[in-house]
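It should be emphasised that the depicted structure is a prediction, and the values quoted were computed from it without experimental measurement. Order of the sequence lines fixes the chain letters, A, B, ..., with proteins taken first and strands second; residue numbering starts at 1 for each chain.
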Number of protein chains: 2
Amino acid sequence: MSRWIQEGDNVDITNEREKGTFDTERLSAWIHGGTDVLKRRREILEFVKSVDDFKDPVPIEFLSREERILNNARKVVAMTDNTDQIDGSDFFGEGMYYQALTMGRDLHAMSLHYVMFIPTLQGQTDDEQLDEWLTKAISRAVVGTYAQTELGHGTNLSKLETTATYDPATEEFVLNSPTITAAKWWPGGLGKSSNYAVVVAQLYTKGECKGPHPFIVQLREDDTHLPLKGIRLGDIGPKLGINGNDNGFLLFDKVRIPRKHLLMRYAKVKPDGTYVAPAHSKLGYGTMVFVRSIMIKDQSTQLAAAATIATRYASVRRQGEITPGKGEVQILDYQTQQFRVFPQLARAFAFMAAATEIRDLYMTVTEQLTHGNTELLAELHVLSSGLKSVVSWDTAQGIEQCRLACGGHGYSQASGFPEIYGYAVGGCTYEGENLVMLLQVARFLMRAAEEVRKGTAKLADIGAYIGRTGAKSSRLTTHHHYTDVQLVEDLEHAARKQVFRAYDRLKKAQQHLKPEDAWNSVSVELAKASRWHVRVYLVKNFLHKVSLAPQDLKFVLVDVARLYAYDIITSSIGAFLEDGYMTSNQMNEIKEGIYECLAKIRPNAVSLVDSWDYDDKELKSVLGRRDGNVYPALLEWAQNSQLNKTEVLPSHTKYLGPMMKDARSKL
Amino acid sequence: MSRWIQEGDNVDITNEREKGTFDTERLSAWIHGGTDVLKRRREILEFVKSVDDFKDPVPIEFLSREERILNNARKVVAMTDNTDQIDGSDFFGEGMYYQALTMGRDLHAMSLHYVMFIPTLQGQTDDEQLDEWLTKAISRAVVGTYAQTELGHGTNLSKLETTATYDPATEEFVLNSPTITAAKWWPGGLGKSSNYAVVVAQLYTKGECKGPHPFIVQLREDDTHLPLKGIRLGDIGPKLGINGNDNGFLLFDKVRIPRKHLLMRYAKVKPDGTYVAPAHSKLGYGTMVFVRSIMIKDQSTQLAAAATIATRYASVRRQGEITPGKGEVQILDYQTQQFRVFPQLARAFAFMAAATEIRDLYMTVTEQLTHGNTELLAELHVLSSGLKSVVSWDTAQGIEQCRLACGGHGYSQASGFPEIYGYAVGGCTYEGENLVMLLQVARFLMRAAEEVRKGTAKLADIGAYIGRTGAKSSRLTTHHHYTDVQLVEDLEHAARKQVFRAYDRLKKAQQHLKPEDAWNSVSVELAKASRWHVRVYLVKNFLHKVSLAPQDLKFVLVDVARLYAYDIITSSIGAFLEDGYMTSNQMNEIKEGIYECLAKIRPNAVSLVDSWDYDDKELKSVLGRRDGNVYPALLEWAQNSQLNKTEVLPSHTKYLGPMMKDARSKL
């Protein structure tokens with residue numbers, strides 16, 4: 001008996017756990033940041049399990065949208081009633097875990113209140129405003145959201161259509177939506193739950209447009225919760241995922257708000273309408289960088305959940321005989337299964353390692369910013385944008401691979417996958433569409449390439465390889481003697497080559513095209529360069545973290561890290577062969593390396609995923625249950641189906657029954 | 001004014017249509033099989049639009065599962081009431097189109113009745129049984145499904161657990177589910193709608209197991225529709241897609257059925273229990289091959305729908321300025337957007353071309369089988385298995401690319417994508433899990449490779465390249481002078497190389513492993529070989545079809561076909577470089593070829609997708625509307641949200657409202 005092995009468990013999964021060659025508990029501590037953190041996780045878990053208001057009446061996939069919204073509202077009030085149970089300052093750790101346990105993958109009415117509304121107030125209000133609004137927001141006297149994106153306008157903020165026109169006569173701003181495309185669209189909790197929002201609108205004063213600015217706006221009346229005059233808003237309808245949240249739309253018909261509702265830490269409008277421009281132009285970064293940093297952790301958590309489900313299920317699922325007469329084998333023994341699932345497991349480890357790093361960087365930058373130091377802000381911006389893009393895409397793909405590896409049952413909502421995928425894949429689009437993000441990273445890379453060519457480059461750490469000359473060919477002999485240093489050199493070679501390939505094509509295009517058209521004409525190559533840049537970072541960071549792990553964990557982590565790196569290389573063979581940097585023999589070595597990694601990971605696979613420390617309460621998957629007793633649980637789960645509440649449905653009574661009866665009478 | 005251009009349309013989409021350089025109507029006719037077919041499609045469309053019972057009360061994404069089931073039952077009765085409106089013998093054409101128009105992507109209570117139940121009766125009953133059951137099924141006096149898969153058993157039929165034990169005393173079979181894992185699981189319409197099923201069970205007679213056999217079983221009472229004694233069944237709960245169907249579970253507790261309910265065309269059990277084995281062992285193929293053949297058409301239709309939505313939306317969506325001050329551009333002008341969407345468009349064309357081919361092959365085989373000729377059956381089996389696997393995977397990936405290319409709105413169910421994806425991706429798993437299918441194709445390829453090595457190969461058409469020697473290097477000079485013949489040679493080289501790579505590794509592994517373990521140890525390479533084999537077929541077939549097109553269509557189709565082929569090549573650069581078959585200069589030529597194809601397709605993109613002839617009734621996408629008036633339609637669509645029926649939700653009244661009020665009182 002242990003945390004993972006208990007009486008009554010499926011025999012196959014117990015065997016897997018017993019043959020694991022490392023201490024799961026020690027790896028859990030390594031992943032989550034120490035035994036103290038692990039202890040706190042379990043305390044939080046016990047607390048959440050002990051509160052009735054956190055219990056779902058039935059698994060939430062059986063609830064209608066209306067029921068989910070209601071269920072989530074109860075839980076979010078309970079969650080915020082009990083924030084004293086966690087260390088609120090540790091949002092990346094205790095905060096996210098507490099929220100995942102209580103709210104699942106559905107978000108909730110106050111998601112944007114905490115992730116966007118309050119941080120914006122903290123970052124954009126002047127002192128007087130801060131006093132008033134932060135107090136109200138933190139006490140939950142108001143529930144706010146963040147309304148920026150419009151029906152016809154996303155990434156390109158300068159084209160937002162909502163206007164806020166200053167009227168000096170009454171010292172008010174008049175908010176207006178001049179067109180349908182100006183409707184605010186998407187903000188979480190906007191449709192039904194929030195009564196306030198930070199609204200981003202084009203500020204007009206003295207007949208001039210000063211660009212988009214944030215305003216705090218009351219949307220619904222305190223007592224009745226009805227929309228205020230001139231405000232039209234509602235839910236935007238069902239989505240691929242996160243249907244327990246009321247993402248909303250919002251239209252203004254000349255709504256007046258006091259002058260002081262412009263958030264005035266940076267830009268100001270004086271009573272007479274004089275506009276005072278902000279001293280620094282880009283200090284609005286903070287919130288987005290914060291959200292993107294959280295996203296790396298969040299995405300890695302979703303991918304790890306998927307890999308956990310697929311690995312555990314593959315250990316209890318038996319199908320097909322490898323050796324006739326020996327009985328059906330665990331599908332985890334199929335090489336094709338390992339090849340599908342283990343790279344996802346490896347990615348999840350790599351992304352978690354990056355999440356820790358980006359959290360630390362975010363903390364450092366936040367600390368620096370309080371002293372007005374913006375040194376690392378640009379680097380954090382580039383890195384978080386690039387990581388967000390690569391990690392969210394690989395995560396989405398990886399989740400689907402894990403789902404498909406579970407066969408038919410992966411398609412059932414009992415598996416948890418539809419929910420996990422729907423939730424995670426949104427990350428490819430929100431907080432900066434992935435391709436747009438990659439092209440932002442490419443701006444940095446093209447500047448770096450330009451400086452390298454000019455000999456003026458001063459590239460710190462992450463981008464330093466761009467300025468190096470590098471070898472003409474890989475030093476790889478056999479994969480058994482392939483060092484971390486050589487491996488990173490090879491990846492850096494591929495990345496550098498793509499950076500300069502894009503750069504040279506850009507320069508060439510600029511000779512006959514306008515700069516913007518030239519940029520567009522090479523944008524596929526630019527995006528590719530950015531992906532390489534981020535992948536190099538991911539591998540380096542993961543290898544580095546593994547190199548610091550204690551010996552009794554390192555030996556297993558090394559295989560995981562190698563699988564992650566080899567998978568990247570063999571997914572882009574051309575990048576290493578096309579300039580003769582590697583030979584096909586060398587590439588074959590890496591392919592062999594993959595098969596070896598798969599075989600070495602196989603006996604520890606279940607213990608590896610156990611070490612992520614998912615409780616069933618968090619995982620929410622019948623296929624991924626700790627105890628491996630999947631089939632009875634599936635049958636039990638299905639009994640909750642809405643359709644099983646009545647034996648004979650109206651569809652029979654009204655349509656199919658009469659049709660059959662009529663036909664029988666004519667036979 | 002024309003079919004596609006109408007008054008009041010979005011100006012941008014009209015411009016796109018006006019600048020198209022070919023006749024959309026002529027391409028539609030080419031795609032669908034002639035002007036007569038096109039005319040019939042429009043007649044069917046008009047008919048469907050004219051029948052009230054086919055109208056959804058609100059877009060179906062706003063319905064609960066119970067409401068969807070009810071809505072679908074009304075429609076399916078109307079659909080089958082009116083089959084005289086179509087040519088029922090043309091299932092691939094009129095049948096599928098009629099069903100898509102009436103039922104959408106939700107399937108229905110009688111899907112398996114028509115696709116599995118009736119064909120199984122036709123294929124597996126003796127003459128007496130046929131008379132009785134086919135009459136009942138066709139008249140709709142019974143609604144049947146096909147119950148084979150079990151909770152714990154899918155692909156490996158020999159391990160099914162449901163038993164049918166013959167009792168000569170009463171001349172009955174006793175159906176029993178000895179364990180939970182024996183529960184029948186997944187059959188469409190089994191949960192609530194069907195009252196009959198073909199049940200596959202292990203036949204026991206005289207103490208011996210004779211393997212899985214099909215039985216016809218009544219599940220529910222004629223008049224009350226209540227389950228018969230000993231039968232426990234119900235819905236298996238919500239899924240990733242197709243939630244308007246009641247996929248079900250079914251458990252037998254010693255249920256007795258007459259001896260004559262064994263379908264006895266091939267195997268028989270005599271009254272005394274004597275088992276008569278079938279003369280031919282593999283004649284059960286028919287139904288699965290039929291379903292897989294339909295799937296190619298069905299999947300290509302889904303991918304084409306996705307490409308239609310993404311292309312049309314990208315033509316009306318403006319975002320970002322390429323040239324400052326010139327206004328926001330259509331996102332279809334971004335190279336990255338073209339690079340995401342156009343390859344999906346090209347795939348859809350390629351898959352449709354394959355669907356036609358496989359339909360013709362299926363027809364030929366069916367005709368041959370009536371004369372006892374099984375010559376082409378194996379080929380059809382291999383080809384349909386391989387195509388099913390490659391096409392369903394590429395389709396799923398392609399749909400998601402199209403969705404992501406639509407930014408945030410792609411995530412809304414208004415886009416249609418969540419429905420399309422959920423529906424299509426199921427195809428990766430049902431009717432033979434994709435990897436299992438690929439490994440079946442690999443068995444054929446390994447036999448072929450063996451014969452080639454032995455000099456005994458007689459490979460027809462599709463596999464002939466395996467036996468050729470081929471050149472040592474590609475004949476490609478520039479992509480402008482790259483002929484179809486050279487292109488196919490190059491793809492065949494890559495495929496052949498992978499076939500023999502897998503073969504050689506298999507032989508090597510067999511030296512020290514048991515055959516089955518050897519097979520498993522190279523299965524990743526085997527699956528890869530199968531994918532290449534299928535892709536070569538897809539390209540050859542598409543190029544061939546295009547080569548036969550009339551000149552006024554060929555010029556645009558050529559670019560589409562080239563994009564399809566180039567995309568395959570550049571996605572596997574290593575396959576062409578690793579043995580020095582291509583140089584990196586040659587590969588660069590192909591990369592340039594892609595950019596040129598993108599640019600050439602750009603002005604015809606909207607007309608190309610129009611030519612698939614989707615009516616809004618079939619497409620069901622606010623983003624993909626013919627008229628391009630997306631934004632007002634999105635706002636209107638959202639008003640249907642379940643959450644918008646009440647201004648203040650119970651979640652506020654019960655939980656969030658009191659929380660805020662309490663906080664306000666303490667401020």
Side-chain angles (χ1 to χ4, degrees), chain A residues 61 64-66 69-70 73-74 77 139-141 151-152 156 180-181 192 225 234-240 319-320 322-323 335-336 339 404 407-408 411-413 418 428-429 433 435 516 520 523-524 573-574 577-578 584 631-632 638 641-644 648-652 655-656 659 663-664, chain B residues 61 64-66 69-70 73-74 77 139-141 151-152 156 180-181 192 225 234-240 319-320 322-323 335-336 339 404 407-408 411-413 418 428-429 433 435 516 520 523-524 573-574 577-578 584 631-632 638 641-644 648-652 655-656 659 663-664:
Chain A
E61 47 275 19
S64 69
R65 267 199 85 197
E66 301 91 308
I69 295 272
L70 185 61
R74 185 196 67 250
V77 172
S139 70
R140 304 180 298 166
L151 184 49
N156 189 8
I180 282 177
T181 45
K192 293 288 167 179
H225 203 60
D235 176 71
I236 61 164
K239 298 143 291 183
L240 179 57
Q319 183 169 273
I322 292 185
T323 310
Q335 191 192 53
T336 46
F339 192 70
L404 289 164
Y411 193 74
S412 166
Q413 292 203 15
C428 293
T429 309
E433 198 280 326
L435 260 169
E516 304 78 24
N520 185 35
S523 53
V524 170
I573 295 176
L577 297 187
E578 60 192 357
S584 56
Y631 296 118
S641 171
Q642 305 92 328
L643 306 183
N644 291 334
V648 179
L649 295 180
S651 58
H652 176 84
Y655 301 113
L656 295 165
M659 173 192 82
R664 279 198 306 271
Chain B
E61 47 275 21
S64 70
R65 268 199 84 197
E66 300 91 309
I69 296 274
L70 185 61
R74 186 195 69 250
V77 173
S139 70
R140 305 179 296 167
L151 184 51
N156 190 8
I180 282 177
T181 45
K192 293 289 167 178
H225 203 60
D235 175 72
I236 61 164
K239 297 143 292 184
L240 179 56
Q319 183 168 277
I322 292 184
T323 310
Q335 191 192 56
T336 45
F339 192 71
L404 290 165
Y411 193 75
S412 166
Q413 293 203 14
C428 293
T429 309
E433 199 280 324
L435 261 169
E516 304 78 25
N520 185 36
S523 53
V524 170
I573 295 176
L577 297 188
E578 60 192 354
S584 56
Y631 296 118
S641 170
Q642 305 92 324
L643 306 184
N644 291 333
V648 179
L649 296 180
S651 58
H652 176 84
Y655 300 112
L656 295 165
M659 171 192 85
R664 280 198 307 271

Output for pair (A:Leu649 CG, B:His225 NE2), nearest 0.5 Å, gives 7.5 Å
All heavy atoms of B:Tyr631 vs all of A:Leu151, minimum pair found to be CE2-O, 3.2 Å
What pair of heavy atoms forms the shortest contact from A:Leu240 to B:Pro418, and how long is it? CD1-CB, 3.7 Å
Mind ranking A:Pro238, A:Gly408, A:Ala638, A:Pro632 by heavy-atom pairs under 4.5 Å with chain B and telling me who comes out on top? A:Pro238
Identify which part of B:Glu66 has an atom lying under 4.5 Å from any heavy atom of chain A, answering side chain, backbone, both or neither. both
What one should report as the nearest heavy-atom pair of A:Arg65 and B:Ser641 is NH1-OG, 3.8 Å
Min side-chain heavy-atom separation A:Ile573-B:Ile573 under 4.5 Å: no
When the 4.5 angstrom heavy-atom criterion is applied to A:Ser412 and chain B, the contacting part is both
Who wins among B:Leu656, B:Thr336, B:Val648, B:Val77 for the most heavy-atom pairs under 4.5 Å with chain A? B:Thr336
How close do A:Ala663 and B:Ser139 get, counting heavy atoms only, and between which atoms? CB-O, 3.0 Å
Heavy-atom closest contact (A:Lys192 atom, B:Leu643 atom, distance): CE-O, 2.9 Å
Side chain of A:Asp235, backbone of B:Gln642: donor and acceptor closer than 3.5 Å? no
At a heavy-atom separation under 4.5 Å, does B:Leu577 approach chain A through its side chain, its backbone, both, or neither? both
Measure B:Ser523 against the heavy atoms of chain A and call it side chain, backbone, both or neither at under 4.5 Å. both
Which one wins on heavy-atom pair count under 4.5 Å against chain B: A:Thr181, A:Ile69, A:Ile236, A:Leu435? A:Leu435
Side chain, backbone, both or neither: which part of B:His652 has a heavy atom under 4.5 Å from chain A? side chain
Among B:Gln413, B:Glu433, B:Glu578, which has the most heavy-atom pairs under 4.5 Å with chain A? B:Gln413
Between B:Thr429 and A:Leu404, is a side chain to side chain contact (heavy atoms under 4.5 Å, CB included) present by the stated rule, with each step listed? CA-CA 7 Å; B:Thr429 309; A:Leu404 289 164; 3.7 Å; yes
If every non-hydrogen atom of B:Gln335 is compared with every non-hydrogen atom of A:Val524, which pair is closest and at what distance? OE1-N, 3.1 Å
Considering only heavy atoms and a distance below 4.5 Å, find which of B:Gly407, B:Gly152, B:Ser584, B:Ala141 pairs most often with chain A. B:Ala141
